[in-house]
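What you see below is based on every heavy atom in this structure, not just the backbone, and it leaves out hydrogens, waters and symmetry mates. Here is the naming used below: chain letters follow the sequence lines, and residue numbers restart at 1 for every chain.
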Amino acid sequence: MRVRFAPAPTGFLHVGGTRTALFNWLFARHHGATFVLRIEDTDRDRSREEWVDGIQATLRWLGLDWDEGPYRQGDRIPQYLDAADRLIASGDAYESWLTEAELDAEREAAKAHGGVPRFYERSTAVGRGDAGDERTRSLWFRTPTTGTAEFDDVVRGRVTVPWDTIADFMIVRSSGQPVFYLANAVDDAEMNITHVIRGEDLLDSTHRVLALRAALGHPGAPTYAHLPLLVGHDRAKLSKRHGAVAVEDFRDAGYLPEALVNYLSLLGFPAPAAGSEVRPLAEIIADFDLARVNHSAAFFDHDKLDWMNGEYLRALPVPELVERAGDWCRAAAARGDGATAAVDPSSPEFAALLAVAQKRLVTLAEVPAFLAHHFCDESSFAIADESWDVLAATERVDEVLDTVIAHLETCEWTVEAISLQPVIVALGLKPRAVMGALYAAVEGRHSGLPLFDAIHALGRERTLGRLRAARARLG
RNA sequence: GCCCCCAUCGUCCAGCGGCCUAGGACACCGCCCUUUCAAGGCGGCGACGGGGGUUCGAAUCCCCUUGGGGGUGCCA
């Protein structure tokens with residue numbers, strides 16, 4: 001069996017396309033099939049080489065490795081044009097020298113009659129036009145006018161459409177470049193693709209591709225499976241205007257590829273009957289079955305992705321978390337992220353603080369904020385305004401600071417010995433009531449990393465310096 | 001306009017004629033734990049769009065309707 005993922009390099013790989021790639025990949029890995037990557041760059045004007053590279057880089061980042069390709073349709077133009085010639089010869093297609101305005105006029109006329117445009121008659125009548133006309137040649141497939149177009153879809157069942165509702169369609173542009181339908185039909189046949197797994201937005205095009213394939217004389221047809229679309233808040237097909245949908249943006253935003261893959265595997269496919277939705281790839285592969293794919297569109301829920309990413313982050317062994325967070329920080333710094341540049345991923349404190357930050361992380365992008373109080377110059381250390389307000393509003397805060405300072409001046413420097421509850425309780429106060437003030441004084445914000453670990457990593461002098469500064473500011 | 005697809009909690013899924021006073025997950029709310037915040041534990045809120053059938057019995061089958069989406073491009 002052979003499947004293919006066939007993106008057009010007209011933009012970054014977005015989550016919708018990624019889900020399609022993932023389901024093809026899952027199918028291939030489940031059945032031991034061959035996964036082919038094919039770049040559909042027949043539209044020269046919109047295709048860009050950087051996207052061809054970007055798509056591959058993103059697939060690699062996700063771990064969706066392909067077995068063949070990437071094939072480039074741009075390299076196979078002669079095959080498509082040859083196919084077009086055969087269609088002209090057999091009478092299944094015709095050439096047209098109609099201008100775009102004339103084509104539009106035909107469309108208008110057809111619409112007025114409640115029908116669908118056919119350009120053959122008019123094309124024949126006009127021919128190449130008069131000498132001096134600025135006409136160009138395009139090739140069109142002549143669709144049947146009677147009967148029904150039908151095929152069996154693994155997820156939708158039998159799909160039937162009357163041929164008289166399907167207009168003639170272009171197969172070669174006036175620029176001489178073949179159109180998607182033709183290239184798609186030729187490639188799926190010549191590459192021996194057995195299963196076409198793609199988005200539902202391509203459902204209606206299947207009839208045209210199948211008609212081309214039949215007219216070209218390719219026996220049989222692949223099994224089709226049209227996946228439910230991924231939609232945004234407005235339930236419309238997911239696109240750029242729905243915010244961050246470029247997968248490379250998710251990488252930069254600190255998401256783990258395995259979390260994104262796991263999350264995507266849940267959209268349009270039943271969650272495991274028993275056990276967690278968070279599960280190893282091997283299990284997702286083993287469980288995959290085209291016949292169980294859902295029918296209705298799925299909303300891409302960032303909240304659930306966040307939760308999933310947190311689950312994966314928490315499950316990471318600390319050394320691996322340190323390594324991956326370090327990689328992320330270096331990449332962010334390289335992108336020019338100033339807040340991250342100060343963080344030193346190779347320092348022992350980075351690892352120590354990350355270990356206590358782990359349960360609090362939703363994405364790797366939050367690492368710098370949690371660690372900022374540690375990796376800053378004392379001269380640039382500042383307490384956030386709202387956190388200072390919390391500190392200032394704390395009951396007997398001056399007394400608390402004095403006591404804590406005294407304790408930290410002499411205590412043994414271990415996380416256990418630093419523990420501040422005893423001294424607070426000794427003052428007759430509840431730790432809950434004053435802890436916020438201490439977080440603010442030491443970490444610059446009233447909520448953050450566990451205080452005693454933060455203090456331990458910070459060291460005695462820096463900690464005392466901050467506490468004394470806060471005490472002094474109180475007056 | 002025409003054609004096609006779809007329809008269970010706010011969201012993602014379970015359900016494939018009786019086990020459903022509809023189950024799980026995310027989100028949300030509350031409680032517990034607690035060094036703030038998280039994490040974790042426990043609990044709560046919350047859905048079969050509507051109308052006809054079929055059947056002893058429909059979330060599950062059929063029809064209509066409504067709603068949503070997709071297609072109808074010299075995009076794929």
Subject >> P gap between G15(B) and C20(B), integer Å >> reply: 14 Å
If you measure from the P atom in G10(B) to the same atom in A47(B), how many Å do you get, rounded? 7 Å
Exercise for the section: For G46(B) versus G24(B), give the span between their C1' atoms, rounded off to a whole number of Å. Expected result: 14 Å
TODO: Can you tell me, in whole Å, how much space there is between the P of C42(B) and that of C26(B)?
DONE: 12 Å
Point to revise | E95(A) with R128(A): basic N within carboxylate O range, under 4.0 Å | key: no
Residues, nucleotides or ligands: over 12 heavy atoms within 6.0 Å of D385(A) CG | no
So which protein nitrogen or oxygen atoms get under 3.5 Å of nucleotides 39-42 of chain B's nitrogens or oxygens?
residue: A39(B); atom: O4'; partner: K359(A); partner atom: O; Å: 3.4
residue: G40(B); atom: OP1; partner: E311(A); partner atom: OE2; Å: 3.4

Q) Has R466(A) got its NZ or CZ under 6.0 Å from the middle of the six-membered ring of F381(A), at an angle within 45 degrees of the ring axis? A) yes
Take atom C1' in C74(B) and the same atom in C62(B), then report the distance between them in whole Å. 45 Å
Worksheet entry | Carboxylate-amine/guanidinium proximity below 4.0 Å for D287(A) and R279(A) | yes
- Query: Going by atom types only, do T143(A) and D168(A) share a side-chain donor-acceptor pair under 3.5 Å?
  - Reply: yes
- Task: Measure from NZ or CZ of R38(A) to the centre of the six-membered ring of Y71(A), then state whether that distance is under 6.0 Å and the direction lies within 45° of the axis.
- Result: no
Residues of residues 438-454 of chain A with a heavy atom under 4.0 Å from any atom of RNA chain B, listed by number, are Y439(A), H446(A), S447(A), G448(A), L449(A), P450(A), L451(A), F452(A)
Between N or O atoms, less than 3.5 Å apart, protein on one side and nucleotides 2-4 of chain B on the other: list the pairs.
none

For A25(B), the nucleotide meeting Watson-Crick or G-U wobble distances (both under 3.5 Å) is U11(B)
